[in-house]
Amino acid sequence: KSGLKTARYLIAAQGEAAAGMLGQNGNWWIDCQDGELLTFTEDGAYQVYVQTEDYTGNRAYAKSAVVVVDSQEPYLTVEGVKNQSANGGALRITVKCEDPNYQDGSLRVEVQGAKGGGGPEVASMTEDENGAQVTFQDFPRSLSWDDRYELVAAARDLCGNEATIRLDFSVNRFGSVYDLAEETKTALAQFYHVVPFPVVFLETNLDYVGTARILCLRDGKPEVLTEGKDYTVELTGEGTWKEYRYTIPQNVFASDGAYEVILTSRDQASNSSDSQAQQKAVRFFIDSTPPECMITGVEADGIYQASQRWLCLEARDNSGLETLMIYMDGVRAASYSGEQVSAKGGIIKWRISAKDAWQRIQVYARDLAGNECWTEELPVYVTEADRIDGIMPYERTEKTARELEMEQTGKPSEASKQSSETELAENEAKTITDLQKGSDRFSDQPEEPGSWTRKAALGALAGGGAAAGGIGVCRMKRRKKG
């Protein structure tokens, strides 16, 4: 009750104030002014001690609660994945928070995919007074999990300091996804083509593609195409997904042949992919050469004394025939499919029966690519008459089969007469029988050099077809005059 004489204070780190300091006069005690504001400038945990003394010499002591000064935010780290990385293998992510004044339950980690999906399940989570740790399970190995992800982690300490960390990364276990441009798909709807066309591949990947290679096979012979020379590459979609457009111009396929084109690539996640494995096959045949058809056994304006005259039609093409048609006197007399011609070794035997009038034969062929050819029209006269000196030379008075067909539709008319397979088989069976028996009527044909004879006919029956190859013209093979 004598009154307050002095008030002094002492600031000490938590637990560092020695017991002997109390009750002693020393320079560590500071006189306290009325209304004085104490300032802490360094991080740490402190306690404030206060000493008071009255005029009779009585002293009293008091201390504050622990005062923590912390200007540092929590320290966040991410293990198992790097920022801006492409990941094709196992990916187990751990997020750690370290802070001596960590606030329990404040660590939050979110993983969000660009396609809207989240991250994998949490495998474990631990916390103590110095921080926390969250570990995720591996990303499932499924194509649906291939995506670009953002990881955001945040934590707070007891002083209110907050920390946030962000990482972008991709999960890419399945590599590129291939497709074909719509115009390429449309062209590949048919296998045979007369005119070359460009081929365009589309490649989509989360990551940048490091290397790419295009292999082009023509008739089985491989060639690696060169970027800038044989094809161009255009990159679009610099954001989440990258799309590459590979354009191979039509001049690469200028030569006739069977083509196959394969795209392979390797991305930053070390995934290797190829278009063939993803069933994006590019296979087609370029055939700009018309088929060839040769007629042997008769010559133009030829006159033959026989009850019948045999001739051979040999058709060849580098891609294969679709159809062959025989016209007599401007009307279709027989039609063969490509399979039928192939089954006969590429040679069709045809019989012209005797008739006291000029007969005209013409042949039409179309290959699988749509190239067409017509032979010249051959007028022949086959007669059983004893004398031929009264036969007038052939004079053209009617249109050829080609002229008639093209005049009507621009293409061979399907309304023309077609032979059934039975009729064709009977025709050929009789041909073979007559040739093998050496019929007198057939043997009446002179064996002139280059002429169609029994020996040559039997050889044709046994010999099969000619090798495929682009000829480019249609022609007739005529008998040489002796």
Side-chain angles (χ1 to χ4, degrees), residues 70-177 203-212 235 237-244 264-274 277-278:
D70 184 0
S71 62
Q72 301 297 314
E73 63 185 24
Y75 181 59
L76 293 173
T77 58
V78 179
E79 298 177 355
V81 65
K82 294 181 179 180
N83 190 33
Q84 299 295 325
S85 65
N87 303 274
L91 191 62
R92 296 178 177 86
I93 300 175
T94 297
V95 179
K96 293 182 178 180
C97 173
E98 298 176 83
D99 194 300
N101 302 304
Y102 170 73
Q103 179 178 325
D104 289 347
S106 68
L107 177 61
R108 294 286 185 268
V109 182
E110 180 180 348
V111 180
Q112 186 69 36
K115 294 187 291 188
E121 297 292 329
V122 173
S124 64
M125 181 172 182
T126 59
E127 281 188 321
D128 58 30
E129 66 276 9
N130 293 314
Q133 176 176 304
V134 176
T135 299
F136 291 90
Q137 296 179 0
D138 190 10
F139 283 72
R141 292 181 177 273
S142 170
L143 181 60
S144 62
W145 284 85
D146 272 16
D147 199 359
R148 183 164 290 280
Y149 293 88
E150 181 185 46
L151 181 149
V152 180
R156 184 173 58 255
D157 63 21
L158 294 170
C159 293
N161 298 301
E162 295 184 355
T164 302
I165 187 172
R166 286 182 171 82
L167 273 75
D168 291 314
F169 62 94
S170 66
V171 178
N172 187 358
R173 270 79 171 264
F174 294 87
S176 295
V177 176
E203 179 180 13
T204 303
N205 200 306
L206 279 168
D207 305 305
Y208 290 101
V209 173
T211 59
L235 172 62
E238 291 283 356
T240 301
W241 292 88
K242 318 303 187 290
E243 182 173 281
Y244 294 83
T264 64
S265 62
R266 185 179 180 86
D267 61 25
Q268 289 182 332
S270 298
N271 298 300
S272 295
S273 308
D274 72 81
Q278 295 188 18

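The shown structure was predicted, so the numbers you read here are calculated from the model rather than taken from an experiment.
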Counterpart residues, side chain to side chain contact (heavy atoms under 4.5 Å, CB included), relative to Ser142 (two or more places apart): Ser144, Trp145

Non-neighbouring partners of Ser272 that pass side chain to side chain donor-acceptor pair (under 3.5 Å), sequence neighbours left out: Arg266

Ser273-Ser265 side chain donor-acceptor pair, cut-off 3.5 Å: no

All side chain to side chain contact (heavy atoms under 4.5 Å, CB included) counterparts of Asp168, not counting sequence neighbours: Asn83, Gln84, Glu150

Closest heavy-atom pair and its distance - Ala153, Val95: CB-CG1, 3.8 Å

Pair listing, side-chain hydrogen bond (donor to acceptor under 3.5 Å, both in side chains) test, anchored in residues 123-134, at least two apart: Tyr102-Glu127

Spacing of CD belonging to Glu73 relative to SG belonging to Cys97, to within rounding of 0.5 Å: 10.0 Å

Qualifying side-chain hydrogen bond (donor to acceptor under 3.5 Å, both in side chains) pairs with a residue from residues 103-120, counting only residues at least two apart or across chains: Gln103-Arg156

Sequence neighbours excluded - ring pair (Phe, Tyr, Trp, His ring centres under 6.0 Å) pairs with any residue from residues 147-168: Phe139-Tyr149, Tyr149-Phe169

For Asp274, all residues meeting side chain to side chain donor-acceptor pair (under 3.5 Å), sequence neighbours excluded: none

Partners passing side chain to side chain donor-acceptor pair (under 3.5 Å) against Asp146 (at least two apart in sequence or in another chain): none

From Lys242 atom NZ to Tyr208 atom OH, the distance as rounded to the nearest 0.5 Å: 4.5 Å

Minimum heavy-atom distance between Ser176 and Asn205, given as atom pair plus value: OG-ND2, 2.8 Å

Qualifying residues under side chain to side chain contact (heavy atoms under 4.5 Å, CB included), relative to Ala154, sequence neighbours excluded: Thr164

Separation between OG of Ser170 and CG of Asn87, rounded to the nearest 0.5 Å: 6.0 Å

Side chain to side chain donor-acceptor pair (under 3.5 Å) partners of Thr264, counting only residues at least two apart: none

Pro74 backbone acceptor or donor facing Asp157 side chain under 3.5 Å: no

Interatomic distance, Gln137 atom CD to Leu91 atom CG [nearest 0.5 angstrom]: 12.5 Å

Contacts of Asp138 that satisfy salt bridge (Lys or Arg N to Asp or Glu O under 4.0 Å) - sequence neighbours left out: Arg173

Atom CZ of Arg166: over 12 foreign heavy atoms under 6.0 Å: no

Pairs where residues 74-102 contributes a residue and the test salt bridge (charged side-chain N to carboxylate O under 4.0 Å, His left out) is met, not counting sequence neighbours: Glu79-Lys96

Side chain proximity check, Leu107 to Leu76, heavy atoms < 4.5 angstrom: yes

Pairwise distance CG(Asp207) to CG(Asn172) - rounded to 0.5 angstrom: 5.0 Å

